[in-house]
2 protein chains.
Amino acid sequence: MDTKKAEKISKALADTTRLTILKEIKKSKDCLYCVDLNETLNLAQPSICHHVKQLVDTELIFSEKNGRNVRYSLNNKMLDEYISFIEGLKI
Amino acid sequence: MDTKKAEKISKALADTTRLTILKEIKKSKDCLYCVDLNETLNLAQPSICHHVKQLVDTELIFSEKNGRNVRYSLNNKMLDEYISFIEGLKI
DNA sequence: CTAATTTATCGAAAAATTTAAATAAATCAA
DNA sequence: TTGATTTATTTAAATTTTTCGATAAATTAG
């Protein structure tokens, strides 16, 4: 992972709402639907959409359309690559 | 590490300049002085100060006064704690 | 088909971050 | 002591991000 990508991932992780979304996905065992977030998060629907989009755009999560609904799942690989980058910063 | 702290660390890592500073510290083998950053980074001195402050405030780096100069070194422990937090997001 | 539901997009306001000029504070050199 | 050097702070402008109302698009239920 190059610095530019690491910067984008860091930015995606630099927000309580988005961290909460990631934790919700984990809690749901990779079976979280967008609708569920409307209940969990205290935000308007377009705001949630905006946050989710950043996680999808950085490939931290996958989104899969399922009828009217969209299901989110975690991209463990991307998190691992990010972790490797951070490890690489260490002395 | 709690979510609030992870958010702050992510925010500190979410900027090219600050990632460059961390890489410079690594390159210098933990012996980077503030003056050196003025040459490496293409930014005004107060801007550099602002970025360094964020890294110090989040305890990602230590700063040690040395006469007129300030030396920076990496806090590997904080990076490790952050990595653990990210690991914890995985399924 | 029509109405309801779910997600996405657009546009604008509010909030946060980045940047640098001006200047202060601390330390060193002569 | 005086002047030069290094770092920190204040303030303000520019930029970016967050938020939400309005609305569109897609799908399902009846």
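Residue numbers start from 1 in every chain, and the chains themselves are labelled A, B, ... in the order their sequence lines are given, proteins ahead of strands.
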Asker: How does each nucleotide of nucleotides 18-30 of chain D score, in 5' to 3' order, for protein heavy atoms under 4.0 Å: base (B), sugar-phosphate only (S), or none (-)?
Answerer: BBBBB---SBB--

Asker: Could you state the atom-to-atom distance from CD1 of B/I21 to C1' of D/dT7 in whole Å?
Answerer: 14 Å

Asker: In whole angstroms, how far is the C1' atom of D/dA8 from the CG atom of B/N38?
Answerer: 13 Å

Asker: So do the side chains of B/L13 and A/Y82 get within less than 4.5 Å of each other, counting heavy atoms only?
Answerer: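 B/L13 vs A/Y82: side chains touch.
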
Asker: Between A/K5 and A/E59, does a salt bridge (charged side-chain N to carboxylate O under 4.0 Å, His left out) hold up when you go through it step by step?
Answerer: CA-CA 10 Å; A/K5 178 76 179 179; A/E59 298 172 283; 3.3 Å; yes

Asker: Distance from B/L89 atom CG to B/E87 atom CD, nearest 0.5 Å?
Answerer: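 Here the rounded value is 9.5 Å.
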
Asker: If you define the side chain from C-beta out and look only at heavy atoms, does anything of A/T16 sit under 4.5 Å from B/K4?
Answerer: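 A side-chain contact exists here, since the closest heavy-atom pair is under 4.5 Å.
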
Asker: Name the nucleic acid region contacted by A/C34, choosing base, sugar-phosphate or nothing; use a 4.0 angstrom heavy-atom cut-off, strictly under.
Answerer: sugar-phosphate

Asker: Is any side-chain heavy atom of A/T20 closer than 4.5 Å to a side-chain heavy atom of B/T3?
Answerer: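 No. Closest side-chain heavy atoms not under 4.5 Å.
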
Asker: For residues 32-50 of chain A, tabulate all N or O donor-acceptor pairs below 3.5 Å that involve a side-chain atom, not counting sequence neighbours.
Answerer:
from: A/D36; atom 1: OD2; to: A/Y33; atom 2: N; distance (Å): 3.0
from: A/T40; atom 1: OG1; to: A/D36; atom 2: O; distance (Å): 3.1
from: A/H50; atom 1: NE2; to: A/Q54; atom 2: NE2; distance (Å): 3.0

Asker: Check every nucleotide of DNA chain C for an atom under 4.0 Å from a heavy-atom of chain B, then give the first and the last such nucleotide from 5' to 3'.
Answerer: C/dT17 to C/dC28

Asker: Step by step, would you call A/D57 with A/K8 a salt bridge (charged side-chain N to carboxylate O under 4.0 Å, His left out)?
Answerer: CA-CA 10 Å; A/D57 286 351; A/K8 288 214 175 98; over 6 Å; no

Asker: Are A/I61 and A/L74 side-chain neighbours, meaning at least one heavy-atom pair lies under 4.5 Å?
Answerer: yes

